[in-house]
**Q** 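One structure, pasted below without further comment.
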Amino acid sequence: MKKDLIASALLLAVAAAYYVATVRIPVSTLADEVGPHGLPKVLAIALAVVAVGLGVRALIAKRPVTVPETAANDDDPEATPLRALGLLGIGALYMPAAWILGYVPALILLILGIALYEGMRPSWRVVGIAIGGATLFWLLFVVLLGVPQPAGLLF
Amino acid sequence: MEDFLLAVSLLFTTPLIAVAIAGLVWGILGGALPGISPSISMALLLPFTYTLDPMSAIVLLATAYIGAEYGGSIPAILIRTPGTNAAAATVIDGYEMRRQGKGGEALGISLWSGFIGSMFGLAMLVLLTEPLSQLALAFRPTSYFALGVLGLSVIASLSGKSLLKGAAAAILGLMVATIGTDPISGVGRFTFGSPDLLEGVAPIFVMVGLFAVSELMTHSGIAAHAIDQKETIRVRLPSLAMMNRLKRSQIIGSIIGTFEGLMPGAGGSIASFLSYNEAKRWSKHPEEFGKGSPEGVAAPEASNNTVASTALIPLLSFGIPGSNSAAVLLGGLLIHGLLPGPRLFEENTEVILGLYMGSFVAIVAMLVAGILILPLCVWLVNRPRPYLSGFIFALVLSGVYTVHVTLFDVGIVLVAGLFGYAMRFFGFPFLPAVLGVVLGELVESNYRRSLVLSGGDNAIFLEDPIAVGFLIVAVLFVVLALVGEWRSAARLRKGVKA
């Protein structure tokens with residue numbers, strides 16, 4: 001239930017931020033009766049109402065009343081939030097790396113970074129697999145499919 | 001007859017066969033990897049479809065769906081870990097057969113039943129889709145608005161444990177759909193001065209982020225299951241006597257799969273468990289269920305493979321995706337400017353015929369590919385997860401970049417991944433959010449167009465019988481879901497008191 005309370009607070013924050021952004025939508029002379037801000041305002045209010053409902057339900061529930069999880073879900077362990085965010089962080093670093101270094105070097109760093117982060121011990125084998133993988137992707141996208149990939153400032 | 005000849009000619013004049021087999025193989029491999037659902041397998045393919053012609057793109061996605069449903073049964077039978085949710089029912093007797101040294105036989109039954117179910121589903125798809133889509137010829141903006149509302153009401157049956165959470169997810173999806181240029185006045189909304197956001201956020205980015213990136217995040221650092229490679233496992237197709245025995249359970253699975261595919265939100269998992277139960281009820285050997293019954297493998301596999309085709313019927317007829325995989329396929333259609341409905345059949349006959357023929361090719365090829373590809377699946381499942389994660393992430397980021405050739409899109413996908421992770425963490429379902437993103441523009445623009453036509457009078461919706469019908473069904477969906485949620489909560493309270 002604690003999770004539901006946190007979710008409720010987060011949703012309220014999103015609803016408030018979205019409403020503020022809605023108010024800033026410019027008014028157009030071409031606008032119809034509903035206007036470009038009509039639906040967004042309804043959505044912001046609806047989200048706030050749902051968030052409050054979720055919070056109230058979490059507060060008044062004496063016991064967690066939920067349908068039991070399936071056996072498959074019970075057996076499925078999940079990463080901690082910090083660990084999961086770390087992985088996303090490595091993915092986010094790909095953007096500046098690709099912009100500066102270019103596609104292949106950035107991809108080598110991405111595969112290498114994730115492999116090490118996910119538990120592989122540092123070794124030349126890991127480096128080799130990262131280089132091989134990046135080359136494979138370059139061959140697939142750039143050479144075979146003819147799709148451009150980030151050029152990079154340095155390479 | 002003319003359409004049939006055109007469909008056959010597509011086999012020789014287009015790369016249809018190669019694309020269908022590529023999609024099938026990709027789907028089987030993706031389905032065999034625990035954690036990579038059919039929708040994720042398809043979402044990973046989406047960026048590639050940009051470089052393909054519309055027909056090849058849709059065939060690639062649809063055949064990946066077909067392959068993934070079979071692929072999911074491989075780890076279900078070999079390591080008691082369903083590769084897809086729909087294969088969960090296959091675990092019960094499939095893994096038991098494997099423990100009894102009949103793993104190859106179980107895989108053969110799964111493959112054969114998948115073939116039967118897929119063929120049945122394809123026949124239903126061909127027979128039902130176009131007649132249903134003809135209804136849409138009478139649609140007006142009011143009908144399209146009501147259709148969008150009906151699509152959104154599906155959320156009620158997709159919300160799982162909490163209708164409130166489903167509603168919140170749908171609203172978040174609708175909010176994403178409002179980003180970009182307003183469809184009526186042309187004013188920029190929530191673009192924050194960024195030209196990259198003027199066209200809005202493409203559903204493809206939301207899907208890839210929600211399904212693929214959040215999956216990688218959720219399982220970061222978690223050890224994967226492995227298949228014992230010392231023992232050689234070969235697929236053994238059932239004998240004629242066994243085929244005869246499996247007939248009843250396959251028919252049950254196919255019929256239930258058809259209905260569940262047509263029902264928005266039902267999906268392969270429900271169909272599989274329902275089929276398993278019904279097959280047991282109608283079986284001559286019900287006592288064998290749970291102890292390695294071949295029928296216990298056949299029924300759910302026939303069922304979830306039927307759903308892979310029949311789930312496309314409401315999607316192609318009306319543009320209403322009833323499952324994650326169907327939503328990804330809708331994303332593929334939209335990427336190529338193809339709008340579901342009767343016009344799709346009239347203006348893009350080749351795409352539809354190609355889809356039918358490509359699915360047929362994939363289903364037939366599945367019998368061979370399913371046998372040949374097993375060692376590759378076993379090898380892939382046994383790769384260290386750190387490498388798999390690295391390669392899948394690389395595939396996601398490379399593929400997304402190809403869509404508009406900008407790193408901005410990569411950022412959007414990562415943000416969608418973050419949202420997806422948060423939604424998983426707090427127990428919010430994905431599909432309502434995806435439906436919100438996909439249907440948002442349809443609902444808003446048609447509502448406003450209707451009001452422009454009526455001079456601001458909302459009664460216009462009551463003057464359109466189709467709109468009224470859709471709205472009534474939408475209300476029924478929500479009411480039924482509310483009653484269901486109330487009942488399950490009451491049952492649980494009763495259980496806790498007892």
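Chain letters run A, B, ... following the sequence lines, proteins first and then strands; every chain starts at 1.
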**Q** Between B:F408 and chain A, which part of the residue has a heavy atom less than 4.5 Å away: side chain, backbone, both or neither?
**A**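 For B:F408, neither part sits under 4.5 Å from chain A.
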**Q** Name the member of A:A15, A:P26, A:A134, A:A46 that forms the most heavy-atom pairs with chain B at distances under 4.5 Å.
**A**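 Most pairs with chain B among the choices: A:P26.
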**Q** Can you tell which part of A:L11 gets under 4.5 Å to a heavy atom of chain B, answering side chain, backbone, both or neither?
**A**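 Only the side chain of A:L11 comes within 4.5 Å of chain B.
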**Q** Can you see which heavy atom on A:E118 is nearest to which on B:H219, and at what distance?
**A**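 Looking at all heavy atoms of both residues, the shortest contact is OE1-O, 4.2 Å.
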**Q** If you take all heavy atoms of A:P81 and B:Y421, which pair is closest and at what distance?
**A**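 Between these two residues, the closest heavy atoms are CA-OH, 3.1 Å.
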**Q** Name the region of B:Y401, side chain, backbone, both or neither, that has any atom closer than 4.5 Å to a heavy atom of chain A.
**A**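 Interface part for B:Y401: side chain.
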**Q** Under 4.5 Å from any heavy atom of chain B, what part of A:V126 do you find: side chain, backbone, both or neither?
**A**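 Both backbone and side chain of A:V126 come within 4.5 Å of chain B.
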**Q** May I ask you to name which of A:A115, A:A51, A:G133, A:A98 has the most heavy-atom pairs under 4.5 Å with chain B?
**A**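 Top count of heavy-atom pairs under 4.5 Å with chain B: A:A115.
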**Q** Could you tell me which portion of B:L451 (side chain, backbone, both or neither) has an atom closer than 4.5 angstrom to a non-hydrogen atom of chain A?
**A**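 Side chain only.
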**Q** At a 4.5 Å cut-off on heavy atoms, which part of A:T22 comes close to chain B: side chain, backbone, both, or neither?
**A**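 The answer is both parts of A:T22.
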**Q** Answer with side chain, backbone, both or neither: which region of B:L388 has an atom nearer than 4.5 Å to a non-hydrogen atom of chain A?
**A**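 For B:L388, no heavy atom lies under 4.5 Å from chain A.
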**Q** Identify which of A:L10, A:L136, A:L54 forms the greatest number of heavy-atom pairs closer than 4.5 Å to chain B.
**A**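 The answer is A:L54.
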**Q** For B:S220 and A:Y117: C-alpha separation, side-chain torsions, deciding distance, then whether side chain to side chain donor-acceptor pair (under 3.5 Å) applies.
**A** CA-CA 9 Å; B:S220 173; A:Y117 184 74; 4.9 Å; no
**Q** Answer with side chain, backbone, both or neither: which region of A:Y18 has an atom nearer than 4.5 Å to a non-hydrogen atom of chain B?
**A**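 A:Y18 touches chain B through backbone and side-chain heavy atoms alike.
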**Q** Just by modelled atom types, is the A:P36 backbone N or O under 3.5 Å from a matching donor or acceptor in the B:R189 side chain?
**A**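 Yes, because the side chain of B:R189 sits within donor-acceptor range (under 3.5 Å) of the backbone of A:P36.
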**Q** How close do B:P384 and A:M120 get, counting heavy atoms only, and between which atoms?
**A**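 Taking B:P384 first and A:M120 second, the nearest heavy atoms are CB-SD, 4.1 Å.
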**Q** Picking from A:L39, A:I25, A:V50, A:L88, which has the most non-hydrogen pairs under 4.5 angstrom with chain B?
**A**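 Between A:L39, A:I25, A:V50, A:L88, the count favours A:L88.
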**Q** Would you check if the side chain of A:E78 reaches a backbone N or O of B:T218 as a donor-acceptor pair within less than 3.5 Å?
**A**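 Answer holds: no.
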**Q** Quick check for you: among B:V415, B:V410, B:L397, which has the greatest number of heavy-atom pairs under 4.5 Å with chain A?
**A**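 It is B:L397.
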**Q** Select, from A:A130, A:G86, A:P40, the one with the greatest count of heavy-atom pairs under 4.5 Å involving chain B.
**A**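 Among the listed options, the one with the most contacts to chain B is A:P40.
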**Q** Side chain from CB out, backbone as N, CA, C, O: work out which of these in A:L110 comes under 4.5 Å of a heavy atom of chain B, or both, or neither.
**A**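 When you check distances to chain B, only side chain atoms of A:L110 fall under 4.5 Å.
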**Q** For A:L116, which atoms come within 4.5 Å of any heavy atom of chain B: side chain, backbone, both, or neither?
**A**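 Interface part for A:L116: neither.
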**Q** Tell me the closest heavy-atom pair linking A:A92 and B:L414, and the distance in Å.
**A**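 Shortest heavy-atom separation between A:A92 and B:L414 comes out as CA-CD1, 3.5 Å.
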**Q** Grab the two heavy atoms, one from B:M217 and one from A:A84, that are nearest each other, plus how far apart they are.
**A**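 Of all heavy-atom pairs spanning B:M217 and A:A84, the closest is O-CB, 3.4 Å.
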**Q** Which answer fits B:V452, side chain, backbone, both or neither, if we ask what part of it has an atom under 4.5 Å from a heavy atom of chain A?
**A**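 When you check distances to chain A, only side chain atoms of B:V452 fall under 4.5 Å.
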**Q** Would you mind telling me which of B:L395, B:I184, B:V405 has the largest number of heavy-atom pairs within less than 4.5 Å of chain A?
**A**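 Of B:L395, B:I184, B:V405, B:L395 has the most heavy-atom pairs under 4.5 Å with chain A.
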